[in-house]
Amino acid sequence: MIKMILRRLALGAITVCIVSGIIFAGVEILPGDACTAFLERNAQGVALANCRSELGLDRSATERYLEWAGNALVGDLGISAGSSRSIAEMVGDRLNNSLLLALGALILGVPTAIFLGCLTGLRRDRPIDLVFSTSAIFAMTIPEFVSATIMILIFSIWLGWVPGIVLTPAQAPSIEFFPEVILPMVVLALVMTAHILRLVRSSVIEVMAGDYVQMATLKGVPYWQIVFRHALPNALLPAINVVALTIAWLLGGVVVIEVVFNYPGLGRMMIDAISDRDLPIVQAIALIVATVYVGVNLFADVLSLILNPRLRTMYARKS
Amino acid sequence: MDGKQLFEIRDLSIGFTGNAGQTLPVLRNVDFTVSGGETVGIVGESGSGKSTLALAAMGYLKHGLRVLGGSAKFKGRNTFEMTTRELEDIRGGEMAMIPQNSGQSLTPTMRVGKQLREALRLHTDLPESSYQDRMVELLTQVRLPEPENILKRFPHELSGGQQQRVAISMALAGEAEALLLDEPTTGLDVTTQAHILELLRDLASETGTAMVYVSHDLGAIARVSDRVVVMYAGEVVLEGNARNVLLSPTHPYARGLLSSIPSLKDSRLPAALEGRPPAPGAAGNGCSFVDRCAIAQPECMSVRPDLIQTPEGESVRCPFYAKVPDLAATEQTVEMARADGSATDAIRLDRLSIDYAKKSFLDQLLRRNNGSVPTVEEITLRIEKGETVGLVGESGSGKSTILKSIAGLLEPSSGKIQLGEQEPLAELVDKRPMTHRRQIQLIFQNPDESLNPRHTVEEIIAQPLRLYFNCSAEELRKRSIDLLERVRLSSHYLTRLPSQLSGGEKQRVAIARAFAAEPELILCDEVTSALDVSVQAAVLNLLNQLKRERGTTYIFVSHDLAVVRCLSDRVAVLYQGRLCELGESASVYSLPSHPYTEVLLGAVLEPDPEAVPEILADDVVELSPPERGCPFQRRCPRKVGSICDTETPPWQVGAGSHAIRCHIPLEELYQCQNGGKSADR
């Protein structure tokens, strides 16, 4: 078991290494570099050469990759080409903000999704199921920026309950983002809830129609005990991996929401960096998101391993 | 038997709403009673409503079903009128269910102990502190070794037989007055089945518990029941004491069902019961069996017969029951087609070994053997053209593994497979030339999974024709129709999808597909195991006819010894991937036998209430074969001594090249086996 977790960990580390190589290569292939971007029209002759030797860009790609990767390992993500500030510091603030948003959406969304998923699954085809299942499809299919705009219209413009746009600067402590962060949180939670709800619902339906639930009924186990002791522990196992994927998505893939609400998160920073050709920042963010992806999935795999006796004993026997 | 009535089901009809909004009955006017201490068998084929009836007795309906009329009483109270609370009290308490597939009926995330504890908590007044002792007691009662250890395990860590025993112990926990058993031994190996049935018989006589035993297997029913109810298309068609029903059935369906069962005592093919039961709602006004009945009269089409009391005390739903015994004389049983002995080889397996355990990367790198024992070891077998060789053995004996390897789906670790006089076959199918692929065809166990549900029958059959013969469109159609006719299906089946066919029809299409390639060798992997007995007989007859017409060579794999006997020229008995016995089927099924064959044959149940199985060895499932000596050493009832543990037994060849791999000399085997009751086998 421990051996198996260690093996997965090693595999995850290798994945991150490969991904870092790909990110680096990808950025390398792009025409131009930090110096051409920085010097703009003056990017020629001696000025360009000086700039490159100053930033170490005249060395071989392998050499630069090793240095970049080595520094990244100890938390040094380099210097921003645009503002000459430490990337680690700049990204750090944004990461904090993204974490705040993600965490809020998770705390709001996951329990709601699981609760509603179970409820709709258990009350299949009844009115309550129809209402929530249909709403979930709406929440999934309406583009996020549309639902975000509608929410802004309703809750901040008409009702005036919460601000519709974030004005707090990126470096501010998390607490100062309230109440501005609430609306983006809710919009994200809504989309996320819909996905997880659908999955949990179908999983619950499948398990409740299964042989062991019938057996428990014929054993005289009261309904709610069947649900909590026999059905849910099995029905919720597949939800773990979906939740993990959602977490990764929340950290890196919510650019649209961040733009709509003017929220200073990682996604928006990435977009800004791309348009500014600030390649070191692009590299750094891509690496962080990839690491989170791998890390969260690893965690989910290990968790389902611990909670699923079938998998657990299989590995226990192997090692 | 204390005679007090436990279950009393009167005029019960249960049905569901069809797609067009019509009501389709699955049970029609069923009367059924069980008294205390009695054991009643409910027998019928799939779709006959037998499980629905058993579940209805517990007040339980599957999703979508509803009561159309009648009542189901337990100890005088109508279960369909009870509150949920009342039902929870009696279910698992006064009456308990033992399910078909315990592997799926035990909750996978709960340890055995926790599930047993739950039953005790819900249905007994025992103090919490005594649960552990009681659970150990229960598991001991169902003869599970090391009960403390079993309690700590998860269901998937137990073998099929152990799971079934756990389910039985759970049913016993509430000290029920009535046990309902829904196909409790289906899917288990013969020896395990025999053990479980003996256990249930003993429990019934020790505790005086009434049992309702639902099964399609008349052998199992015969072993445990006092009284038998035969169901057909949702109706009770025959009811009476087990002896009468099984030995001299008075309903034409029961009669047909019984004669479609292959018997160990008879090498002939069973008589098929043609046709299929009506779908729910399609039974018309007359007798539901009229389409398949040999003694049907004009009025059977229009008047639904009532249950009639016969002088022998049976109830039968046929006014012409007196004619049924005469059917025996007209019944036809087909003689098996024999190989003509042309003596050219169809296929040769030469020291074929297969190892499932993948070598680890390190072991591969260092080219070292990681000390594993191969799953299948050194199988050498020569099969003549036109011959059928049966492979028998329990689950895990490697019979399907060998087939897969011949088909090129599994790479052998060593050994050769040679088709006819040609070069040895390439190990994997994608390395084999087209002609080799064409010459070997495989028919699978479950046609539901082996036929593409989105392809019509025509597309399914045309595929091998197109692949191997490059036919024109016109010829394709002609040959497809021809093939369908050969498997006794008419050409209007061409446009059907598999979901529109019955199980037997699907398997016929699968057979037609195999024959489309005009193969030299057909591998049959448990081809009748997923089918009802009456359909099984029809498929066996079809395979036999095709063999006669075309001289096809079959390798026929089955766990059912009687099925193998009626189709095979020679039989090979496998235990844990090692051959134990090989010979003409007549010799293998008579004496002397390899001790393992003896164990298997002894455990087979015949549909005869007087037949008593001989349980010679326990049913413990071994994980891997022993490294040295005889593979059967751990379970052998005739083990001689340490020689069995250390030395691989030699092949001893007796009369008619009947070979047995055992340390005991053949004469001695014959003598000690002939001493028992098994002499007339």
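The chains referred to below are lettered A, B, ... by the order of the sequence lines, with proteins before strands, and numbering in each begins at 1.
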CD (A:Glu28) with more than 12 external heavy atoms under 6.0 Å: yes
Which portion of B:Leu122 sits near chain A, non-hydrogen atoms under 4.5 angstrom: side chain
Contact class of A:Gln225 relative to chain B, heavy atoms under 4.5 angstrom: side chain
Largest heavy-atom contact set with chain A, pairs under 4.5 Å, which of B:Arg153, B:Arg85, B:Glu118, B:His123: B:Glu118
Polar contact flag, side-chain donor to acceptor under 3.5 angstrom, A:Asn234-B:Thr109: yes
From CA spacing to verdict: side-chain hydrogen bond (donor to acceptor under 3.5 Å, both in side chains), A:Asn308, A:Ser304: CA-CA 6 Å; A:Asn308 190 338; A:Ser304 26; over 6 Å; no
Ionic contact status for B:Arg134 with B:Glu137, cut-off 4.0 Å: yes
Selection from B:Ser105, B:Gly92, B:Ala171 maximising heavy-atom pairs under 4.5 Å formed with chain A: B:Ser105
Greatest number of heavy atom pairs closer than 4.5 Å to chain A - which of B:Ala119, B:Pro99, B:Pro108: B:Pro108
Chain A contact via B:Lys114 - side chain, backbone, both or neither, heavy atoms under 4.5 Å: both
Parallel, tilted or perpendicular, as decided by the 30° and 60° cut-offs, for the rings of A:Tyr65 and A:Trp68: tilted
Working for side-chain hydrogen bond (donor to acceptor under 3.5 Å, both in side chains), residues B:Thr23 and B:Arg66: CA-CA 10 Å; B:Thr23 300; B:Arg66 62 174 197 274; 3.1 Å; yes
Contact class of A:Val213 relative to chain B, heavy atoms under 4.5 angstrom: neither
Part of B:Arg111 within contact of chain A (heavy atom distance under 4.5 Å): side chain
Toward chain A, the part of B:Gln100 with a non-hydrogen atom under 4.5 Å: neither
Residue B:Met58 versus chain A: region with a heavy atom under 4.5 Å: side chain
Side chains of B:Ile90 and B:Lys75 in contact at under 4.5 Å (non-hydrogen atoms): no
Spacing of B:Ile168 atom CD1 and B:Leu200 atom CG [to the nearest 0.5 Å]: 4.5 Å
Structural part of B:Arg121 lying under 4.5 Å from a heavy atom of chain A: side chain
Contact origin within B:Leu55 toward chain A - heavy atom pairs under 4.5 Å: side chain
